[in-house]
S.K.: 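Take this structure, written in C-alpha coordinates, and hold onto it; I'll ask about it next.
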Amino acid sequence: MRKIALLTSGGDAPGMNACIRSIVLTSLRFGLEVYGYRHGYNGLLQQEYLTLRAKKVENIIQRGGTILHSARCHEFKSDEAAKIAAKNLDTLGIEALLVIGGDGSFRGAAHLAKHWEGQVIGLPGTIDNDIYGTDATIGYFTAIETALDSIDKVRDTADAFERLFLVEVMGRQAGFIALSAAVASASDQILVPELVKNTDDELENILAHIEAVKKRKGASSYIVVITENLWPGGVTHLSEILSKKTNIECRPVILGHVQRGGSPVSQDRLLATKLGAYAVEAALAGENRVMVVERNQKVATAPIELAWQQQKPLDPYLVKIQQEFFDLLNRP
Ligand code: ADP
(Lines give C-alpha, C1' and ligand atoms only; values in the text may rest on other atoms or scores of the structure.)
Protein backbone atom coordinates (compact mmCIF):
# COMPACT_ATOMS: atom_id res chain seq x y z
CA MET A 1 0.00 0.00 0.00
CA ARG A 2 1.29 3.46 -0.90
CA LYS A 3 -1.59 5.90 -0.54
CA ILE A 4 -4.29 6.32 2.06
CA ALA A 5 -7.01 8.97 2.46
CA LEU A 6 -9.28 10.18 5.24
CA LEU A 7 -12.26 12.43 5.80
CA THR A 8 -14.42 13.65 8.67
CA SER A 9 -18.18 13.43 8.13
CA GLY A 10 -21.50 14.15 9.87
CA GLY A 11 -21.68 16.03 13.15
CA ASP A 12 -18.21 17.13 14.26
CA ALA A 13 -16.84 16.06 17.62
CA PRO A 14 -13.96 17.20 19.86
CA GLY A 15 -11.01 14.85 19.29
CA MET A 16 -11.42 14.54 15.52
CA ASN A 17 -8.24 16.59 15.07
CA ALA A 18 -6.35 14.33 17.47
CA CYS A 19 -7.54 11.41 15.36
CA ILE A 20 -6.44 13.04 12.09
CA ARG A 21 -3.02 13.69 13.63
CA SER A 22 -2.65 10.08 14.73
CA ILE A 23 -3.69 8.73 11.31
CA VAL A 24 -1.23 11.04 9.54
CA LEU A 25 1.71 10.29 11.83
CA THR A 26 1.10 6.53 11.76
CA SER A 27 0.77 6.57 7.96
CA LEU A 28 4.00 8.52 7.62
CA ARG A 29 5.72 6.08 9.95
CA PHE A 30 4.80 3.30 7.51
CA GLY A 31 5.93 5.37 4.52
CA LEU A 32 2.43 6.04 3.17
CA GLU A 33 1.26 9.20 1.44
CA VAL A 34 -1.82 10.62 3.18
CA TYR A 35 -4.61 12.65 1.60
CA GLY A 36 -7.34 14.49 3.49
CA TYR A 37 -10.66 15.15 1.78
CA ARG A 38 -12.44 18.31 2.87
CA HIS A 39 -16.11 18.67 3.89
CA GLY A 40 -16.94 14.99 4.30
CA TYR A 41 -18.17 13.11 1.26
CA ASN A 42 -18.57 16.42 -0.62
CA GLY A 43 -14.78 16.59 -0.95
CA LEU A 44 -14.72 13.10 -2.37
CA LEU A 45 -17.22 14.09 -5.07
CA GLN A 46 -15.51 17.41 -5.86
CA GLN A 47 -11.95 16.02 -5.63
CA GLU A 48 -11.27 18.63 -2.95
CA TYR A 49 -8.31 17.29 -0.98
CA LEU A 50 -4.94 18.21 0.47
CA THR A 51 -1.78 16.25 1.11
CA LEU A 52 -1.27 15.80 4.82
CA ARG A 53 2.31 16.03 6.03
CA ALA A 54 3.57 16.10 9.61
CA LYS A 55 3.64 19.92 9.60
CA LYS A 56 -0.10 20.07 8.85
CA VAL A 57 -0.98 18.21 12.03
CA GLU A 58 1.29 20.15 14.39
CA ASN A 59 -0.50 21.97 17.18
CA ILE A 60 -3.95 20.54 16.44
CA ILE A 61 -4.34 17.83 19.12
CA GLN A 62 -5.91 20.32 21.54
CA ARG A 63 -8.23 21.97 19.02
CA GLY A 64 -11.96 21.24 18.75
CA GLY A 65 -13.66 20.86 15.37
CA THR A 66 -11.77 19.33 12.45
CA ILE A 67 -9.13 20.85 10.18
CA LEU A 68 -10.74 18.94 7.28
CA HIS A 69 -14.18 20.38 8.07
CA SER A 70 -17.01 17.97 8.55
CA ALA A 71 -20.20 18.14 6.51
CA ARG A 72 -23.30 16.29 5.47
CA CYS A 73 -23.70 15.30 1.83
CA HIS A 74 -27.17 14.09 1.00
CA GLU A 75 -26.41 13.31 -2.63
CA PHE A 76 -23.84 10.73 -1.55
CA LYS A 77 -26.65 8.23 -0.96
CA SER A 78 -27.09 7.69 -4.72
CA ASP A 79 -25.23 4.99 -6.68
CA GLU A 80 -24.02 7.60 -9.20
CA ALA A 81 -22.35 9.61 -6.41
CA ALA A 82 -20.59 6.52 -5.02
CA LYS A 83 -19.33 5.67 -8.53
CA ILE A 84 -17.94 9.19 -8.98
CA ALA A 85 -16.23 8.94 -5.58
CA ALA A 86 -14.75 5.55 -6.53
CA LYS A 87 -13.40 6.99 -9.78
CA ASN A 88 -11.89 9.99 -7.98
CA LEU A 89 -10.19 7.75 -5.43
CA ASP A 90 -8.80 5.53 -8.20
CA THR A 91 -7.54 8.56 -10.13
CA LEU A 92 -5.47 9.53 -7.10
CA GLY A 93 -4.36 5.93 -6.54
CA ILE A 94 -5.90 5.72 -3.05
CA GLU A 95 -6.08 2.19 -1.68
CA ALA A 96 -7.85 2.75 1.64
CA LEU A 97 -10.29 5.41 2.85
CA LEU A 98 -10.65 6.10 6.57
CA VAL A 99 -13.92 7.77 7.61
CA ILE A 100 -14.20 9.52 10.98
CA GLY A 101 -17.87 10.04 11.88
CA GLY A 102 -21.05 8.52 13.23
CA ASP A 103 -23.23 5.67 12.01
CA GLY A 104 -24.56 7.76 9.09
CA SER A 105 -21.01 8.30 7.88
CA PHE A 106 -20.33 4.56 8.26
CA ARG A 107 -23.35 3.80 6.10
CA GLY A 108 -21.81 6.13 3.55
CA ALA A 109 -18.53 4.15 3.71
CA ALA A 110 -20.37 0.85 3.25
CA HIS A 111 -22.29 2.35 0.34
CA LEU A 112 -19.03 3.42 -1.29
CA ALA A 113 -17.59 -0.07 -0.74
CA LYS A 114 -20.29 -1.51 -3.01
CA HIS A 115 -18.84 0.49 -5.89
CA TRP A 116 -15.14 0.65 -5.04
CA GLU A 117 -12.38 -1.96 -4.91
CA GLY A 118 -10.42 -0.18 -2.16
CA GLN A 119 -10.74 -0.70 1.58
CA VAL A 120 -13.03 1.39 3.81
CA ILE A 121 -12.52 1.72 7.56
CA GLY A 122 -14.71 3.68 9.99
CA LEU A 123 -13.51 5.49 13.12
CA PRO A 124 -16.30 6.27 15.61
CA GLY A 125 -16.34 10.05 16.05
CA THR A 126 -19.53 11.43 17.56
CA ILE A 127 -20.41 13.09 20.84
CA ASP A 128 -23.52 10.87 21.09
CA ASN A 129 -21.59 7.66 21.89
CA ASP A 130 -24.31 5.72 20.05
CA ILE A 131 -22.05 3.30 18.17
CA TYR A 132 -22.44 -0.33 19.14
CA GLY A 133 -19.29 -2.35 19.73
CA THR A 134 -17.06 0.35 21.20
CA ASP A 135 -17.02 1.42 24.84
CA ALA A 136 -16.85 5.07 23.82
CA THR A 137 -16.71 7.27 20.75
CA ILE A 138 -14.37 10.18 20.07
CA GLY A 139 -15.92 13.37 21.48
CA TYR A 140 -18.23 11.76 24.01
CA PHE A 141 -16.13 12.49 27.09
CA THR A 142 -15.74 16.17 26.21
CA ALA A 143 -19.48 16.50 25.62
CA ILE A 144 -20.18 15.06 29.09
CA GLU A 145 -17.79 17.60 30.64
CA THR A 146 -19.46 20.47 28.76
CA ALA A 147 -22.96 19.37 29.81
CA LEU A 148 -21.79 18.79 33.38
CA ASP A 149 -20.21 22.22 33.63
CA SER A 150 -23.47 23.83 32.47
CA ILE A 151 -25.63 21.77 34.84
CA ASP A 152 -23.38 22.68 37.80
CA LYS A 153 -23.79 26.34 36.90
CA VAL A 154 -27.56 25.97 36.55
CA ARG A 155 -27.62 24.41 40.02
CA ASP A 156 -25.73 27.37 41.52
CA THR A 157 -28.39 29.76 40.31
CA ALA A 158 -31.25 27.30 40.86
CA ASP A 159 -30.38 26.90 44.53
CA ALA A 160 -30.91 30.60 45.08
CA PHE A 161 -34.60 30.24 44.19
CA GLU A 162 -37.23 27.57 44.27
CA ARG A 163 -37.18 26.67 40.63
CA LEU A 164 -37.40 23.75 38.27
CA PHE A 165 -34.85 23.50 35.49
CA LEU A 166 -35.10 21.32 32.42
CA VAL A 167 -31.68 20.92 30.87
CA GLU A 168 -31.77 19.56 27.33
CA VAL A 169 -28.63 17.80 26.15
CA MET A 170 -27.72 16.29 22.77
CA GLY A 171 -27.85 12.60 21.93
CA ARG A 172 -30.24 12.26 18.97
CA GLN A 173 -31.93 8.98 19.89
CA ALA A 174 -29.55 7.99 22.69
CA GLY A 175 -29.26 8.95 26.35
CA PHE A 176 -25.52 8.49 26.96
CA ILE A 177 -24.62 12.15 27.51
CA ALA A 178 -27.80 12.72 29.55
CA LEU A 179 -27.26 9.72 31.83
CA SER A 180 -23.59 10.46 32.49
CA ALA A 181 -24.07 14.20 33.02
CA ALA A 182 -27.15 13.66 35.22
CA VAL A 183 -25.44 11.09 37.47
CA ALA A 184 -22.24 13.12 37.71
CA SER A 185 -24.15 16.29 38.61
CA ALA A 186 -26.56 14.55 41.00
CA SER A 187 -29.48 15.88 39.03
CA ASP A 188 -32.91 15.02 40.38
CA GLN A 189 -34.44 13.40 37.33
CA ILE A 190 -33.31 12.00 34.00
CA LEU A 191 -35.38 11.53 30.86
CA VAL A 192 -33.74 9.47 28.11
CA PRO A 193 -35.26 7.53 25.20
CA GLU A 194 -33.99 4.17 26.48
CA LEU A 195 -35.94 4.54 29.74
CA VAL A 196 -38.99 6.65 28.91
CA LYS A 197 -41.63 4.43 27.39
CA ASN A 198 -44.75 6.52 27.90
CA THR A 199 -44.56 10.30 28.38
CA ASP A 200 -47.97 10.53 30.16
CA ASP A 201 -46.82 8.04 32.82
CA GLU A 202 -43.48 9.79 33.01
CA LEU A 203 -45.15 13.14 33.66
CA GLU A 204 -47.05 11.65 36.61
CA ASN A 205 -43.79 10.18 37.85
CA ILE A 206 -41.98 13.55 37.70
CA LEU A 207 -44.82 15.40 39.41
CA ALA A 208 -44.90 12.84 42.25
CA HIS A 209 -41.13 13.09 42.65
CA ILE A 210 -41.15 16.89 42.73
CA GLU A 211 -43.86 16.73 45.40
CA ALA A 212 -41.84 14.22 47.47
CA VAL A 213 -38.65 16.28 47.20
CA LYS A 214 -40.54 19.43 48.18
CA LYS A 215 -41.97 17.72 51.28
CA ARG A 216 -38.58 16.46 52.32
CA LYS A 217 -36.41 19.50 51.55
CA GLY A 218 -38.87 22.39 51.52
CA ALA A 219 -38.31 25.09 48.92
CA SER A 220 -35.39 23.94 46.79
CA SER A 221 -34.28 23.61 43.22
CA TYR A 222 -35.02 20.59 41.07
CA ILE A 223 -33.06 19.71 37.94
CA VAL A 224 -34.22 17.42 35.16
CA VAL A 225 -31.77 16.35 32.44
CA ILE A 226 -33.51 15.42 29.21
CA THR A 227 -32.35 14.22 25.79
CA GLU A 228 -33.20 16.30 22.72
CA ASN A 229 -36.15 15.11 20.56
CA LEU A 230 -37.67 13.17 23.45
CA TRP A 231 -40.66 15.14 24.69
CA PRO A 232 -43.54 15.75 22.28
CA GLY A 233 -43.57 19.51 21.67
CA GLY A 234 -40.04 19.89 23.07
CA VAL A 235 -38.66 20.98 26.45
CA THR A 236 -40.27 24.40 26.26
CA HIS A 237 -43.66 22.72 26.13
CA LEU A 238 -42.77 20.36 28.99
CA SER A 239 -41.57 23.28 31.12
CA GLU A 240 -44.91 25.06 30.56
CA ILE A 241 -46.77 21.94 31.68
CA LEU A 242 -44.58 21.58 34.79
CA SER A 243 -44.93 25.27 35.72
CA LYS A 244 -48.69 25.02 35.47
CA LYS A 245 -49.05 21.73 37.37
CA THR A 246 -46.63 22.52 40.20
CA ASN A 247 -47.02 26.28 40.53
CA ILE A 248 -43.23 26.46 40.58
CA GLU A 249 -41.44 28.45 37.90
CA CYS A 250 -39.84 26.05 35.42
CA ARG A 251 -37.11 27.14 33.00
CA PRO A 252 -35.87 25.20 29.95
CA VAL A 253 -32.12 25.33 29.32
CA ILE A 254 -31.17 24.05 25.86
CA LEU A 255 -27.43 23.45 25.69
CA GLY A 256 -27.36 22.88 21.91
CA HIS A 257 -24.21 23.14 19.85
CA VAL A 258 -21.84 24.20 22.63
CA GLN A 259 -21.68 20.47 23.36
CA ARG A 260 -19.97 19.84 20.03
CA GLY A 261 -17.24 22.38 20.65
CA GLY A 262 -14.32 22.95 22.97
CA SER A 263 -10.89 21.54 23.46
CA PRO A 264 -11.08 17.74 23.76
CA VAL A 265 -10.53 16.30 27.24
CA SER A 266 -7.67 13.84 27.75
CA GLN A 267 -9.84 10.72 27.36
CA ASP A 268 -11.00 11.84 23.91
CA ARG A 269 -7.45 12.69 22.80
CA LEU A 270 -6.16 9.32 23.96
CA LEU A 271 -9.03 7.36 22.40
CA ALA A 272 -8.65 9.31 19.14
CA THR A 273 -4.91 8.68 19.09
CA LYS A 274 -5.30 4.94 19.70
CA LEU A 275 -8.10 4.45 17.18
CA GLY A 276 -6.35 6.57 14.54
CA ALA A 277 -3.14 4.55 14.75
CA TYR A 278 -5.00 1.26 14.83
CA ALA A 279 -7.09 2.15 11.77
CA VAL A 280 -3.92 2.60 9.71
CA GLU A 281 -2.55 -0.72 10.98
CA ALA A 282 -5.87 -2.39 10.10
CA ALA A 283 -5.71 -0.89 6.60
CA LEU A 284 -2.17 -2.22 6.14
CA ALA A 285 -3.34 -5.64 7.34
CA GLY A 286 -5.90 -5.63 4.51
CA GLU A 287 -9.04 -5.15 6.60
CA ASN A 288 -12.10 -3.82 4.80
CA ARG A 289 -15.65 -2.73 5.76
CA VAL A 290 -14.72 -2.62 9.43
CA MET A 291 -14.75 -0.01 12.16
CA VAL A 292 -12.06 0.35 14.77
CA VAL A 293 -13.30 0.09 18.34
CA GLU A 294 -12.01 0.02 21.90
CA ARG A 295 -13.36 -2.45 24.44
CA ASN A 296 -11.90 -2.76 27.94
CA GLN A 297 -8.92 -0.69 26.83
CA LYS A 298 -8.14 -3.00 23.93
CA VAL A 299 -8.37 -1.77 20.36
CA ALA A 300 -9.96 -4.09 17.82
CA THR A 301 -11.98 -4.09 14.63
CA ALA A 302 -15.66 -4.97 14.20
CA PRO A 303 -17.90 -5.28 11.13
CA ILE A 304 -18.93 -1.75 10.13
CA GLU A 305 -22.62 -2.63 9.76
CA LEU A 306 -22.91 -3.33 13.51
CA ALA A 307 -22.98 0.47 13.86
CA TRP A 308 -26.49 0.67 12.46
CA GLN A 309 -27.74 -2.89 12.90
CA GLN A 310 -27.29 -3.08 16.66
CA GLN A 311 -28.40 -0.63 19.29
CA LYS A 312 -25.87 0.17 21.96
CA PRO A 313 -27.32 -0.15 25.46
CA LEU A 314 -26.75 2.30 28.30
CA ASP A 315 -24.45 1.08 31.05
CA PRO A 316 -26.93 -1.11 33.03
CA TYR A 317 -25.07 -0.68 36.33
CA LEU A 318 -25.13 3.12 36.06
CA VAL A 319 -28.86 2.99 35.23
CA LYS A 320 -29.46 0.74 38.26
CA ILE A 321 -27.63 3.07 40.66
CA GLN A 322 -29.39 6.10 39.26
CA GLN A 323 -32.79 4.44 39.73
CA GLU A 324 -31.98 3.26 43.25
CA PHE A 325 -30.93 6.76 44.32
CA PHE A 326 -34.03 8.15 42.68
CA ASP A 327 -36.28 5.69 44.58
CA LEU A 328 -34.53 6.41 47.86
CA LEU A 329 -35.02 10.16 47.46
CA ASN A 330 -38.63 9.61 46.41
CA ARG A 331 -39.64 8.29 49.83
CA PRO A 332 -41.72 10.68 51.88
P1 ADP B 1 -23.30 10.91 11.45
O2 ADP B 1 -22.15 10.33 10.70
O3 ADP B 1 -22.87 11.88 12.50
O4 ADP B 1 -24.27 9.84 11.93
P5 ADP B 1 -25.22 11.68 9.34
O6 ADP B 1 -26.25 10.66 9.69
O7 ADP B 1 -25.71 13.05 9.05
O8 ADP B 1 -24.10 11.88 10.45
O9 ADP B 1 -24.43 11.15 8.03
C10 ADP B 1 -23.34 11.88 7.53
C11 ADP B 1 -23.24 11.68 6.05
O12 ADP B 1 -23.02 10.29 5.73
C13 ADP B 1 -24.47 12.05 5.22
O14 ADP B 1 -24.61 13.43 5.01
C15 ADP B 1 -24.18 11.29 3.93
O16 ADP B 1 -23.19 11.96 3.19
C17 ADP B 1 -23.57 9.99 4.47
N18 ADP B 1 -24.62 8.96 4.60
C19 ADP B 1 -25.48 8.77 5.63
N20 ADP B 1 -26.31 7.74 5.39
C21 ADP B 1 -25.98 7.24 4.17
C22 ADP B 1 -26.45 6.17 3.35
N23 ADP B 1 -27.46 5.38 3.72
N24 ADP B 1 -25.84 5.98 2.15
C25 ADP B 1 -24.83 6.78 1.74
N26 ADP B 1 -24.33 7.79 2.48
C27 ADP B 1 -24.88 8.04 3.66
Side-chain angles (χ1 to χ4, degrees), residues 5-17 19-20 36-49 64-66 68-89 97-116 118 120-134 136-143 169-177 193 227-229 256-257 259-261 264 268 271-272 275-276 279 288-293 302-312:
L6 72 143
L7 56 85
T8 49
S9 165
D12 61 337
M16 281 185 166
N17 279 328
C19 193
I20 294 170
Y37 281 100
R38 286 205 181 94
H39 306 292
Y41 291 111
N42 299 288
L44 209 47
L45 297 181
Q46 309 299 328
Q47 241 357 2
E48 196 196 338
Y49 63 87
T66 144
L68 293 175
H69 302 282
S70 194
R72 300 207 154 85
C73 173
H74 296 297
E75 60 180 302
F76 196 69
K77 293 183 181 172
S78 73
D79 288 332
E80 297 74 56
K83 283 178 195 161
I84 293 170
K87 196 162 146 270
N88 287 344
L89 286 160
L97 176 70
L98 310 191
V99 174
I100 310 170
D103 65 323
S105 302
F106 288 4
R107 279 176 196 258
H111 175 61
L112 170 67
K114 284 192 238 145
H115 301 277
W116 187 48
V120 297
I121 296 181
L123 296 96
T126 162
I127 62 166
D128 299 337
N129 192 32
D130 57 348
I131 303 250
Y132 182 87
T134 186
T137 55
I138 298 161
Y140 170 55
F141 295 109
T142 308
V169 301
M170 281 186 167
R172 279 191 291 195
Q173 312 302 330
F176 294 97
I177 299 174
T227 307
E228 62 181 339
N229 305 325
H257 275 73
Q259 293 161 95
R260 286 204 191 290
D268 279 326
L271 179 65
L275 293 183
N288 190 15
R289 291 179 57 102
V290 293
M291 57 179 169
V292 287
V293 298
I304 199 163
E305 55 282 354
L306 283 185
W308 62 89
Q309 287 174 353
Q310 298 272 356
Q311 205 194 343
K312 181 177 186 176

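One-based numbering, in listed order, for ligands and for the atoms of each.
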S.K.: So, Tyr41 side chain and Ser105 main chain: donor-acceptor pair closer than 3.5 Å or not?
M.R.: yes
S.K.: Under 3.5 Å, which donor-acceptor pairs do the side chains of residues 120-134 form with other protein atoms, sequence neighbours left out?
M.R.:
from: Thr126; atom 1: OG1; to: Asp128; atom 2: N; distance (Å): 3.0
from: Asp128; atom 1: OD2; to: Arg172; atom 2: NE; distance (Å): 3.0
from: Asp128; atom 1: OD2; to: Arg172; atom 2: NH2; distance (Å): 3.4
from: Asn129; atom 1: OD1; to: Thr137; atom 2: N; distance (Å): 3.2
from: Asn129; atom 1: OD1; to: Lys312; atom 2: NZ; distance (Å): 2.8
from: Thr134; atom 1: OG1; to: Ala136; atom 2: O; distance (Å): 3.0
from: Thr134; atom 1: OG1; to: Glu294; atom 2: N; distance (Å): 3.1
from: Thr134; atom 1: OG1; to: Glu294; atom 2: O; distance (Å): 3.4

S.K.: Can you work out which protein residues put a heavy atom within less than 4.0 Å of ligand 1?
M.R.: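 Within the 4.0 Å shell of ligand 1, which is judged on heavy atoms, sit Ser9, Gly10, Gly11, Tyr41, Arg72, Cys73, Phe76, Lys77, Gly102, Asp103, Gly104, Ser105, Arg107, Gly108, His111, Arg172.
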S.K.: Residues in salt bridge (charged side-chain N to carboxylate O under 4.0 Å, His left out) with Glu305, at least two apart?
M.R.: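 Per chain and number, Glu305 pairs via salt bridge (charged side-chain N to carboxylate O under 4.0 Å, His left out) with Arg289.
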S.K.: Quick one: does any side-chain atom of Gln259 pair with a main-chain N or O of Gly256 as donor and acceptor, under 3.5 Å?
M.R.: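 Between the backbone of Gly256 and the side chain of Gln259 there is a qualifying donor-acceptor contact (under 3.5 Å).
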S.K.: How long is the straight-line distance from OG of Ser9 back to NE2 of His39, given to the nearest 0.5 Å?
M.R.: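 Output value for this atom pair is 12.5 Å.
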S.K.: Tell me every residue that passes side chain to side chain donor-acceptor pair (under 3.5 Å) with Gln47, counting only those two or more places apart in sequence or in another chain.
M.R.: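 Checked Gln47 against side chain to side chain donor-acceptor pair (under 3.5 Å); matches are Tyr37.
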